[in-house]
Amino acid sequence: MQAFLIGLQFLTRICVVKQTVWTEEDFGKSVRFFPLIGAVLGCIYSVVAMMLLWFLPSFGIFIPHHLTHVLFVAMPIILTGGIHCDGFMDTVDGIFSGRDRERMLEIMKDSCTGAFGVVAFVLLMMFQYGAVSDVSMEDLPVALFVMPIISRMMMVFTITIYPYARKEGMGKAFSEYTNKKTLGVVFLYGLALVLPWGVNALIAVLVSLLFTMCFCNYVTKKIGGVTGDVYGAVCTLCELLVMIAFTCKIPF
């Protein structure tokens with residue numbers, strides 16, 4: 001339970017019981033709860049969506065769709081404190097800097113965000129808004145529920161399968177206390193949470209997994225592994241892919 005609460009506190013702005021003292025092992029073992037933390041976030045996103053799209057309109061209260069869609073894009077940033085977005089921007093700044101491996105790692109560690117990161121983040125939000133807007137009103141609560149679960153499953157996949165690029169770092173604790181057995185358990189209960197929601201959910205898992213492998217293979221060739229920033233990049237990009245998957249119309 002402590003590992004779950006530590007993970008919840010680290011990955012979100014939700015603090016059930018404030019964890020002020022923990023060991024590196026507790027921190028590392030929180031990885032196994034990442035999709036469950038995603039489910040907590042997904043429940044919040046989904047309930048807000050149902051309130052705005054279904055419940056309030058039943059009482060004649062209509063909020064413009066553009067405003068609700070902006071809220072749906074902003075909620076993941078607000079509830080996570082932008083931790084994954086920060087990782088995404090740092091990853092883009094480093095990987096696409098055109099420098100050598102050591103310099104890339106230095107850029108990714110730099111607290112200042114560069115032009116590449118800012119432009120990439122703006123484009124990411126534009127695509128996310130477009131994807132959210134194109135998901136049908138009936139499917140949107142479901143998409144918002146599975147989105148954080150699938151993206152955090154891919155984080156666990158990245159942490160387990162790919163080597164950590166630095167000799168030390170916050171993300172190293174994750175990789176040291178995670179193994180393929182943990183990954184198997186995570187995927188079993190993650191899929192149990194996701195697959196009942198239909199074919200689009202299955203497509204979202206497969207597309208996200210394929211993308212994660214391609215992206216992490218590319219990053220590993222560049223810097224010899226992955227970092228905590230890359231974990232965040234995988235999460236944000238897979239969230240976008242999940243929403244895009246739910247824009248597809250499946251004829252069965």
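- Within the 4.5 Å cutoff, the side chain of Phe157 has no heavy atoms near those of the Cys216 side chain.
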Distance-only criterion, 3.5 Å: show the donor-acceptor pairs between side-chain atoms of residues 114-125 and protein atoms not counting sequence neighbours.
none

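- A salt bridge does not link Glu106 to Lys109: none of the charged nitrogens lies less than 4.0 Å from a carboxylate oxygen.
- Of all the heavy atoms in Phe187 and Met154, the pair that sits closest is CZ-CE, 4.0 Å.
- With sequence neighbours excluded, no residue forms a side chain to side chain donor-acceptor pair (under 3.5 Å) with Glu176.
- Taking 4.5 Å as the limit, some side-chain heavy atom of Tyr129 sits within range of a side-chain heavy atom of Ser133.
- Between atom NE2 of residue His69 and atom CG of residue Leu53 there is a gap of 6.5 Å, rounded to the nearest 0.5 Å.
- Here the side chains of Ser136 and Phe246 are not in contact, with every heavy-atom distance at 4.5 Å or above.
- Between the side chain of Ser46 and the main chain of Pro141, a donor-acceptor pair closer than 3.5 Å is present.
- Taking hydrophobic clusters as Ile, Leu, Val, Met, Phe, Trp and Tyr residues chained together by side-chain heavy-atom distances below 4.5 Å, Val47 shares a cluster with Leu79.
- Across all non-hydrogen atoms, the minimal contact from Gly224 to Pro163 is O-CG, 3.9 Å.
- Nearest approach of Ala143 to Val135, heavy atoms of both residues: CB-CG1, 4.5 Å.
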Audit row: Leu11, Thr80, side chain to side chain contact (heavy atoms under 4.5 Å, CB included) steps and yes/no = CA-CA 6 Å; Leu11 294 182; Thr80 62; over 6 Å; no
Would you give me the side-chain donor-acceptor pairs under 3.5 Å for residues 230-240, sequence neighbours excluded?
unit_1: Thr236; atom_1: OG1; unit_2: Gly232; atom_2: O; d: 3.3
unit_1: Thr236; atom_1: OG1; unit_2: Ala233; atom_2: O; d: 3.0
unit_1: Glu239; atom_1: OE2; unit_2: Arg152; atom_2: NH1; d: 3.3

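- Asp86 is listed as a side-chain neighbour of Asp90, based on a closest heavy-atom distance under 4.5 Å.
- In this structure Phe4 satisfies the ring pair (Phe, Tyr, Trp, His ring centres under 6.0 Å) test together with Phe33, sequence neighbours excluded.
- Note: Leu241 CG to Thr212 OG1 = 8.0 Å, rounded to the nearest 0.5 Å.
- The shortest side-chain heavy-atom distance between Thr113 and Asp93 falls under the 4.5 Å cut-off.
- Although no hydrogens or angles enter the test, the distance criterion places a donor-acceptor pair under 3.5 Å between the side chain of Asn200 and the main chain of Cys248.
- Atom-to-atom distance recorded for Ile223:CD1 and Asp100:CG is 12.0 Å, nearest 0.5 angstrom.
- The shortest distance between side-chain heavy atoms of Met153 and Ser208 does not fall below 4.5 Å.
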Could you walk me through whether Thr220 and Asn217 pass the side-chain hydrogen bond (donor to acceptor under 3.5 Å, both in side chains) test, one step at a time?
-> CA-CA 5 Å; Thr220 299; Asn217 283 337; 5.5 Å; no
Going through the checks in order, is the side chain to side chain contact (heavy atoms under 4.5 Å, CB included) test met by Thr91 and Phe215?
-> CA-CA 11 Å; Thr91 299; Phe215 179 70; 4.1 Å; yes
Side chain to side chain contact (heavy atoms under 4.5 Å, CB included) evaluation trace for Ile161 with Leu183 = CA-CA 9 Å; Ile161 300 300; Leu183 179 64; 3.9 Å; yes
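- Every residue was checked against the side chain to side chain donor-acceptor pair (under 3.5 Å) condition with Arg13, not counting sequence neighbours, and none meets it.
- When every heavy atom of Thr178 is checked against every heavy atom of Gly28, the shortest pair comes out as OG1-O, 4.2 Å.
- Judged by distance alone, with hydrogens and angles left aside, the side-chain atoms of Thr160 form a donor-acceptor pair with the main-chain N or O of Val156 at under 3.5 Å.
- Side-chain atoms of Arg166 and Leu105, non-hydrogen and from C-beta on, do get closer than 4.5 Å to each other.
- Side chain of Arg99 to backbone of Met104: no donor-acceptor contact under 3.5 angstrom is found.
- Val73 and Ile78 end up in different hydrophobic clusters when Ile, Leu, Val, Met, Phe, Trp and Tyr side chains are linked at under 4.5 Å.
- Between Ile107 atom CD1 and Arg103 atom CZ the span is 4.5 Å, to the nearest 0.5 Å.
- Shortest non-hydrogen contact noted between Ala131 and Thr247 is O-CG2, 3.5 Å.
- Listed for the Ser151 side chain is a donor-acceptor partner under 3.5 Å among the backbone atoms of Pro148.
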Let me see the working for Ile14 and Ile44 under side chain to side chain contact (heavy atoms under 4.5 Å, CB included), right down to the final yes or no.
-> CA-CA 11 Å; Ile14 303 169; Ile44 297 172; 3.7 Å; yes
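- Side-chain contact between Lys29 and Thr182: absent, with no pair of heavy atoms (C-beta onward) separated by less than 4.5 Å.
- For Leu52, the side-chain contact (heavy atoms from CB on, under 4.5 Å) criterion is met by Val48, Leu56, Ile63, Thr68, Leu71, Phe72, not counting sequence neighbours.
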